[in-house]
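Values in this document were obtained by computation on a predicted structure and should not be read as measured data.
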Amino acid sequence: MRVSQFFLSTLKEAPSEAELISHRLMLRAGFIKRLGSGLYTWMPLGLRVLRKVEHVVREEMNRAGAIELLMPAVQPAELWQETGRWDVFGPQMLKIKDRHQRDFCFGPTHEEVITDIARREIRSYRQLPLNFYQIQTKFRDEIRPRFGVMRAREFMMKDAYSFHADFASLEQTYQAMYEAYTRIFTRLGLKFRAVAADTGAIGGSGSHEFHVLADSGEDAIAYNPDSDYAANVELAEAVAPAAPRPAALQALSKIPTPGKHSIEEIADFLKISPTQTVKTLIVEGTEGPLALLLRGDHQLNEVKAARLIGQDIRFASEAQVRAVAGCSAGSIGPVGLSIPVIADRAVAAMADFVCGANEDGFHLSGANFGRDLPEPTVADIRNVVAGDPSPDGKGALDICRGIEVGHIFQLRTTYSAAMGCSYLDESGKAQTMEMGCYGIGVSRIVGAAIEQNFDARGMTLPETMAPFLLAIVPVGYQKSEVVRETADNLYRELLQAGIDVLMDDRNERPGVMFADMELIGIPHRVVIGERGLKDGLIEYQGRRDEAARTIPVAETGVFLT
Ligand code: ATP
Ligand code: MG
Ligand code: MG
Ligand code: MG
């Protein structure tokens, strides 16, 4: 590509609203342009990066046996009513009406649509297992869109859904997806970690998140530096957006006092929370302590708990509970209830109850709260869990920050049962399919990668993601015939060798061209100038190299390819 035939629109300064380095650099490099809150245009340069991420994702999904399709972004309400999620998904779902006043949504996810396909298309056990995926636009009306494409409202997701005759088959595909994700993030040059995520009513090892490690991440990960143990604290989701102060105060005043409370009272308290600020509730389950994680994006229920707060409930393993609630192993006698109520960035409280539960109600036996906590910092979370014994018994936990770029989940039969998605087994009997789902934030990855790859001059993207692999910067392209000829020849030679090369033929001052090529993160740069050519030399510098080195012109092609 020649710059003269392309579209570069770099900026000296980033717009002031951009907080994160990745967001600032993406705006400065002209990767994206903001249209509205959480809405971005991918400009030609940024789109090349997005497509490269897609390419790696697609290759690895195909290699792992997944089959690509493409579902509509707009989905009829009826499908969501079948699973009950039309009413419980919450305000993240953008609901729209067509000209006949029929209800639709702009899909935040596609479990219902794919399950509808599966129940119509799959008849026999002989067709199973199947794993379908798409790379497609999602819309979630995020309460606080921020960080550019990292938490956008419209964004690009790779979502896959697998269908199985039995659980063993689901576990196999789940493992294959785990490995595919590991390959994807490794190929993209990311420093990442797979962490256990809360597993809903299913339990076991049924969900993992993949986090790019970065201090700017919205998630806090509890991990054991001495073993493989890692779990997502999901503290970021407990942070409510700025709410009017009186509402926050009112919420705080309703925190129940220690003592015995009816289920109704607790339920009432949970409902007054102005947004979904209540995160973790640990109750004495039949098999020991259980955590109820309250959140809006999955509807799963378990009998007793469901009575409390409808379907916005998930269960976590005891280990995850401890990580979230900050209970060390010994302190789960009477179990703990940890409720971060952060209803206002100015007024915040962390309530930490000790409670037990049985048929007739919850017994709160202690509470302390009132800490000012505008937003949980790593240090705050440290207070809660760092140093606690690791649930695997090997040493102590530590905390780091992560950006969730992938999430795999064993759905089991939640959707297939609700939607009557079954197959005929060997004896001709109808059986409900087991399902898994596997998401990757394709557009978020671009931002997350930049968080890990930048320096004072701009992005230092890995080769697999950079908009171009190599830049040719001719000094005096218009003036000097020998420069132009050498540059043109090299350009052609590299194109023929299949190298993604950008030739800066703008005739700009060298400083301007260097600055642009560095800002947009091109991994390799060749400078061709009259002075060097007199000695038969050109200059090469890798984006992460300290200094340039000279190479004989004659060897350039070989050196670069
Ligand atoms: P988060 O916890 O960050 O809100 P999520 O758990 O709601 O993400 P999933 O439903 O697991 O997201 O979706 C799969 C992937 O889609 C996520 O792992 C993430 O990488 C990406 N993703 C989710 N929400 C957004 C968003 N608002 N903008 C960009 N990418 C997103
Ligand atoms: Mg979310
Ligand atoms: Mg999440
Ligand atoms: Mg997730």
Checklist entry - Do the numbers put Arg153 on top of the ring of Phe139, so that NZ or CZ is under 6.0 Å from the six-membered ring centre and no more than 45° off the axis? => result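 Output no; distance or angle outside limits.
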
Mind checking salt bridge (charged side-chain N to carboxylate O under 4.0 Å, His left out) for [X] and listing every partner two or more places apart, or none if nothing turns up?
| X | value |
| --- | --- |
| Glu59 | Arg187 |
| Arg63 | Glu60 |
| Glu68 | Arg58 |

Just by distance, no angles: are the side chains of [X] and [Y] close enough, under 3.5 Å, to form a donor-acceptor pair?
| X | Y | value |
| --- | --- | --- |
| Gln175 | Glu171 | no |
| Tyr161 | Asp159 | yes |
| Asn131 | Thr173 | no |
| Tyr415 | Arg85 | yes |

Checklist entry - Given the rule in the side chain to side chain contact (heavy atoms under 4.5 Å, CB included) test, do Arg506 and Met513 qualify, once you have shown the distances and angles that lead to the verdict? => result CA-CA 8 Å; Arg506 288 180 294 177; Met513 295 191 283; 4.1 Å; yes

Sequence neighbours left out, what passes side chain to side chain donor-acceptor pair (under 3.5 Å) with [X]? Give chain and number order.
| X | result |
| --- | --- |
| Ser169 | His164 |
| Ser22 | Glu451 |
| Arg48 | Asp500 |
| Arg444 | none |

Mind checking whether [X] and [Y] have side chains closer than 4.5 Å, heavy atoms only?
| X | Y | value |
| --- | --- | --- |
| Asp141 | Phe106 | no |
| Ile522 | Met459 | no |
| Val527 | Ile538 | no |
| Val442 | Met157 | no |
| Phe155 | Thr137 | no |
| Glu111 | Leu411 | yes |
| Leu502 | Leu470 | no |
| Met156 | Ile135 | yes |

Roughly how far apart are [X] [atom1] and [Y] [atom2], rounded to 0.5 Å?
| X | Y | atom1 | atom2 | answer |
| --- | --- | --- | --- | --- |
| Leu461 | Phe454 | CG | CZ | 12.0 Å |
| Phe7 | Leu47 | CZ | CG | 13.5 Å |
| His407 | Cys437 | NE2 | SG | 7.5 Å |
| Ser37 | Arg144 | OG | CZ | 12.0 Å |
| Ile114 | Gln134 | CD1 | CD | 7.5 Å |
| Leu20 | Met150 | CG | CE | 5.0 Å |

Next on the checklist: Could you go through Tyr40 and Phe31, starting from their C-alpha distance and side-chain angles, then the distance that decides it, and tell me whether this counts as ring pair (Phe, Tyr, Trp, His ring centres under 6.0 Å)?
Outcome noted: CA-CA 10 Å; Tyr40 289 88; Phe31 277 20; over 10 Å; no

Item to check | Audit row: Gln136, His110, side chain to side chain contact (heavy atoms under 4.5 Å, CB included) steps and yes/no | outcome: CA-CA 10 Å; Gln136 192 245 16; His110 277 72; 3.2 Å; yes

Checklist entry - Can you name the ring-ring contact (aromatic ring centres under 6.0 Å, His included) partners of Tyr540, sequence neighbours left out? => result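 For Tyr540, the residues satisfying ring-ring contact (aromatic ring centres under 6.0 Å, His included) (neighbours in sequence not counted) are His524, Phe559.
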
Checklist entry - Considering residues at least two apart in sequence or located in another chain, which fulfil the ring-ring contact (aromatic ring centres under 6.0 Å, His included) criterion with Phe210? => result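 Phe210 satisfies ring-ring contact (aromatic ring centres under 6.0 Å, His included) with Tyr178, Tyr181, Phe185 once adjacent residues are dropped.
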
If I compare all heavy atoms of [X] with all of [Y], which pair ends up nearest, and what's the gap?
| X | Y | result |
| --- | --- | --- |
| Ala471 | Met517 | CB-SD, 3.7 Å |
| Pro467 | Gly521 | CD-O, 4.5 Å |
| Val56 | Ile184 | CG1-O, 4.1 Å |
| Leu27 | Leu11 | O-CD1, 3.6 Å |
| Asp504 | Val3 | CA-CG2, 3.6 Å |
| Val57 | Lys158 | CG1-CG, 3.5 Å |

Item to check | salt bridge (charged side-chain N to carboxylate O under 4.0 Å, His left out) partners of residues 517-526, not counting sequence neighbours, each pair once | outcome: Arg457-Glu518, Glu518-Arg525

Item to check | Of all pairs that satisfy salt bridge (charged side-chain N to carboxylate O under 4.0 Å, His left out), the ones with a partner from residues 27-39, not counting sequence neighbours | outcome: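 Qualifying pairs, neighbours excluded: none.
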
Give a yes or no answer on whether the side chain of [X] reaches the backbone of [Y] with a donor-acceptor pair at less than 3.5 Å.
| X | Y | answer |
| --- | --- | --- |
| Arg543 | Pro523 | no |
| Ser443 | Leu50 | no |
| Glu142 | Gln92 | no |
| Arg140 | Pro108 | yes |

Checklist entry - In terms of ring plane angle, is the pair Tyr438 and Tyr174 parallel, tilted or perpendicular, where the classes change at 30° and 60°? => result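 Tyr438 and Tyr174: tilted rings.
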
Checklist entry - Would Leu519 and Leu25 satisfy side chain to side chain contact (heavy atoms under 4.5 Å, CB included), going step by step from the backbone distance to the final call? => result CA-CA 8 Å; Leu519 172 63; Leu25 287 175; 3.9 Å; yes

Next on the checklist: I'd like to know whether Val501 forms a side chain to side chain contact (heavy atoms under 4.5 Å, CB included) with Met1, so could you lay out the CA-CA distance, the side-chain angles of the two residues, the decisive distance to 0.1 Å, and finally the verdict.
Outcome noted: CA-CA 6 Å; Val501 51; Met1 184 64 71; over 6 Å; no

Checklist entry - Should the pair Glu218-Arg151 be classified as a salt bridge under the 4.0 Å nitrogen-to-oxygen rule? => result yes

Sequence neighbours left out, cut at 3.5 Å: what donor-acceptor pairs do the side chains of residues 544-551 make with other protein atoms?
{"unit_1": "Arg544", "atom_1": "NH2", "unit_2": "Asn453", "atom_2": "OD1", "d": "3.1"}
{"unit_1": "Arg544", "atom_1": "NH2", "unit_2": "Thr460", "atom_2": "O", "d": "2.6"}
{"unit_1": "Asp545", "atom_1": "OD2", "unit_2": "Gly542", "atom_2": "N", "d": "2.8"}

